[in-house]
Protein chains: 2
Amino acid sequence: MKVTIYDVAREANVSIATVSKVINNTGRIGEKTKRKVEEVMKRLDYQPNMMASALMGKQTKTIGLLIPDLANPFFSELARSIEDRAHEFGYNLVICSTDYLPEKENKYLNLLKRKNVDGFILASGFENLEKVEEMVKEKVPVAIVARDFPMFSINTVALDDFMGGYLAASHLMKLGHQKIAVIARDVWSNRERLRGFKQALEEKNIEFMSNFEYIDGPSHVEPGKKMALKYLTGDDVPTAIFACNDLLAIGAIQAVKELGKSVPNDVSIMGFDNTLIATIVEPPLTTIAQPIQNMGKEVLDLIISMIKGEKKEVMRLTLLPSLVERNSTAPLV
Amino acid sequence: MKVTIYDVAREANVSIATVSKVINNTGRIGEKTKRKVEEVMKRLDYQPNMMASALMGKQTKTIGLLIPDLANPFFSELARSIEDRAHEFGYNLVICSTDYLPEKENKYLNLLKRKNVDGFILASGFENLEKVEEMVKEKVPVAIVARDFPMFSINTVALDDFMGGYLAASHLMKLGHQKIAVIARDVWSNRERLRGFKQALEEKNIEFMSNFEYIDGPSHVEPGKKMALKYLTGDDVPTAIFACNDLLAIGAIQAVKELGKSVPNDVSIMGFDNTLIATIVEPPLTTIAQPIQNMGKEVLDLIISMIKGEKKEVMRLTLLPSLVERNSTAPLV
DNA sequence: AAAAATTAAGTAAGCGCTTAACTAAATTAG
DNA sequence: CTAATTTAGTTAAGCGCTTACTTAATTTTT
């Protein structure tokens with residue numbers, strides 16, 4: 001049978017109020033009764049029901065995490081780092097994969113609100129901000145990670161995606177490449193990376209390839225391969241490809257190989273994220289690294305301080321990407 | 001402000017009982033009032049508080065999922081497949097990484113019980129079954145996935161790990177290998193795979209390498225590499241290595257490369273799981289595939305039927321692994 | 001047309017907890 | 001030694017819901 005606060009109170013010959021006080025360490029209780037109650041709690045293996053205390057306005061110690069896809073290594077690594085930090089604070093994560101679908105985003109947001117999660121960490125697309133804005137207005141703790149909403153005042157731990165794209169282009173140009181194709185999905189982060197990429201090109205007066213188009217479908221290996229194949233068999237063949245995430249880059253590598261060419265000798269390939277798979281693929285992928293661990297930690301700390309009501313002013317923490325050179329890029333011969 | 005059932009009731013000129021009835025579609029309500037209430041709920045954007053109804057014995061529509069490590073591709077892919085199926089039933093997942101640590105396992109179990117999750121899916125080690133047995137006794141819905149407890153009557157969706165190991169050994173032996181090292185971690189699934197592996201060897205009268213030892217630390221690339229290095233530089237050098245998961249296998253591949261040798265020409269490598277990374281590594285990894293999607297779906301369906309109280313008898317569903325031949329294995333020359 | 005049966009809605013208790021307000025006992029002050 | 005203060009613990013209301021029970025209104029039966 002489930003043991004409640006009443007059972008403990010009866011067994012310890014005190015009122016439930018007293019028990020509640022020793023649980024929460026609030027109010028005044030004598031040393032003796034406190035010890036007595038604690039003994040009984042231990043003996044009965046009493047576990048306070050968090051639903052009940054949540055109903056009374058206490059926290060649920062649960063945070064909702066919305067990401068595009070848990071099976072994507074970047075997001076599973078990010079989720080893990082958030083989880084680890086959350087665990088230190090006694091928090092659990094409800095993780096929801098949205099596939100960048102607005103319906104799923106809103107559905108999950110509603111569902112988690114009903115479940116009284118203490119706060120939300122959003123790493124999904126949210127092209128439609130309506131619901132999120134509303135939540136912010138309602139003072140629901142919401143933090144954004146790995147995404148950025150300029151012009152929207154909301155606590156954010158972002159990556160400088162623009163700089164990431166800029167870095168990628170710069171590296172490739174330094175190697176002598178002039179015809180660089182980009183593989184990207186039409187989501188915020190990728191658009192920013194593309195923007196940074198173009199900026200770098202422009203500064204060197206290099207033309208951006210005119211046959212660019214966004215992939216449709218998920219940022220996975222297959223779509224990356226398909227798009228790379230398209231570029232490589234088109235009439236304006238690139239000498240390098242910048243893919244906006246590692247998965248896409250790996251697809252591109254596969255495409256090059258399938259055409260009987262070599263990476264990086266015939267085509268240089270760059271990725272983005274620096275997930276585990278970047279180190280595994282052959283050749284090891286030159287990529288733009290995101291400080292995943294740090295992002296996870298920072299955003300969790302941020303949401304916790306919001307939940308505690310400490311954080312008054314809104315802040316945007318922008319972390320910087322860095323170039324990780326491996327063997328998938330080489331000077332243009 | 002938060003809108004409650006009272007607000008709806010007032011606005012619709014009915015009692016909260018009536019509102020509750022239309023929410024849950026229980027009891028008798030006239031068409032007209034029903035429509036009226038629904039209109040008001042929509043208008044006020046009323047979201048029933050699940051804490052409150054959970055307190056009254058209703059479900060929380062939340063399932064606890066305990067896995068060793070969310071950053072491990074096998075488990076993140078499994079988690080995603082469970083999540084997808086859960087979503088169809090309106091359920092959310094609280095995902096906890098245990099790192100195979102009994103303290104974490106028990107801590108999470110307790111925490112999630114306090115949060116009134118409707119059921120548990122366990123994919124962690126649980127070498128210490130005490131807590132789990134207790135929960136089963138208390139009729140808490142618990143299902144096991146990707147793990148097996150023979151001699152323990154509990155609903156399970158398992159993989160035939162023994163067969164997996166057997167398959168791996170058989171394949172390698174068919175290629176002519178006789179000296180096959182095994183890289184494994186001292187956890188249930190790996191022990192079973194090892195057992196199956198040895199069984200296959202025995203049937204062909206081939207001796208198991210005497211210098212075997214379990215890795216310590218996580219089943220990750222580095223430990224795999226380290227152990228492979230140890231085997232390959234020892235005095236009884238294997239011609240093939242069977243690693244009990246893809247990550248370890250990739251470490252082994254890196255070790256071989258580091259020694260200036262070639263996979264599969266000098267050393268054949270096999271993995272286990274058939275995660276995304278098996279397709280990405282060079283050479284593509286011959287591995288034993290787990291039907292991840294299917295496992296996820298099946299275990300979710302299982303726990304749902306337990307939650308609904310439909311499932312009376314305990315069942316163990318054992319899914320079968322299969323060999324996926326790629327290029328990391330070759331005949332012994 | 002009155003009694004019986006059916007339908008529609010309301011009343012109120014209670015889920016397990018927190019907390020403000022209160023009482024009683026113990027301590028200190030004057 | 002009484003009054004003021006502090007300390008320890010209790011009472012009871014209420015968080016937002018569900019549900020068994022009840023009442024009132026309507027329909028059906030004879």
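Below, chain A is the first sequence line, B the second, and so on; all start at residue 1. Values below: all heavy atoms of this structure, side chains included; hydrogens, waters and symmetry mates excluded.
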TODO: Could you tell me which residues satisfy salt bridge (charged side-chain N to carboxylate O under 4.0 Å, His left out) with B/R114, sequence neighbours excluded, listed by chain and number?
DONE: none
Open item on the list: Checking B/Y108 now: which residues fulfil ring pair (Phe, Tyr, Trp, His ring centres under 6.0 Å) with it, not counting sequence neighbours?
Closed with: A/H87
TODO: Extract, from 5' to 3' on DNA chain C, the first and final nucleotides lying under 4.0 angstrom from some heavy atom of chain B.
DONE: C/dT7 to C/dG16
Open item on the list: Would you compute the distance between atom OG of B/S124 and atom CG of B/L101 and round it to the nearest 0.5 angstrom?
Closed with: 9.0 Å
Open item on the list: Quick check on side-chain hydrogen bond (donor to acceptor under 3.5 Å, both in side chains): which of B/N155, B/D148, B/T156 does B/R316 satisfy it with?
Closed with: B/D148
Nucleotides 10-13 of chain D: which of its N/O atoms have a protein N/O under 3.5 Å away?
from: D/dT10; atom 1: OP1; to: A/S15; atom 2: N; distance (Å): 3.4
from: D/dT10; atom 1: OP2; to: A/S15; atom 2: N; distance (Å): 2.9
from: D/dT10; atom 1: OP2; to: A/S15; atom 2: OG; distance (Å): 2.9
from: D/dT10; atom 1: OP2; to: A/T18; atom 2: OG1; distance (Å): 2.4
from: D/dT10; atom 1: O4; to: A/K21; atom 2: NZ; distance (Å): 2.7

Open item on the list: Under 4.0 Å, heavy atom to any atom of DNA chain D: which of residues 34-46 of chain A qualify?
Closed with: none
- [ ] Return each pair, listed once, that meets ring pair (Phe, Tyr, Trp, His ring centres under 6.0 Å) where at least one residue sits in residues 38-86 of chain B; pairs must be two or more places apart or across chains.
- [x] none
Task: For A/E38, salt bridge (charged side-chain N to carboxylate O under 4.0 Å, His left out) partners two or more places apart - done: none
Task: Step-by-step salt bridge (charged side-chain N to carboxylate O under 4.0 Å, His left out) determination, A/E88 to A/R85 - done: CA-CA 5 Å; A/E88 294 179 29; A/R85 186 68 174 166; 2.9 Å; yes
Task: Residues in salt bridge (charged side-chain N to carboxylate O under 4.0 Å, His left out) contact with B/D118, at least two apart in sequence or another chain - done: none
Task: Pairs involving residues 11-20 of chain B, ordered by first then second residue, that meet side-chain hydrogen bond (donor to acceptor under 3.5 Å, both in side chains) (sequence neighbours left out) - done: B/E11-B/R43, B/S15-B/T18, B/S20-B/N24
Open item on the list: Donor-acceptor pair, distance only, cut-off 3.5 Å: does the side chain of B/T318 make one with the backbone of B/L159?
Closed with: no
Task: Helix axis bend for the helix from C/dA1-D/dT30 to C/dG30-D/dC1 - C1'-based end axes, five pairs, 10° rounding - done: 40°
Open item on the list: With salt bridge (charged side-chain N to carboxylate O under 4.0 Å, His left out) as the rule and sequence neighbours excluded, what pairs involving residues 52-78 of chain B come up?
Closed with: A/R80-B/D69
TODO: Within residues 24-33 of chain A, find the residues that approach DNA chain D with a heavy atom at under 4.0 Å, and present them sorted by residue number.
DONE: A/R28, A/I29, A/G30, A/T33
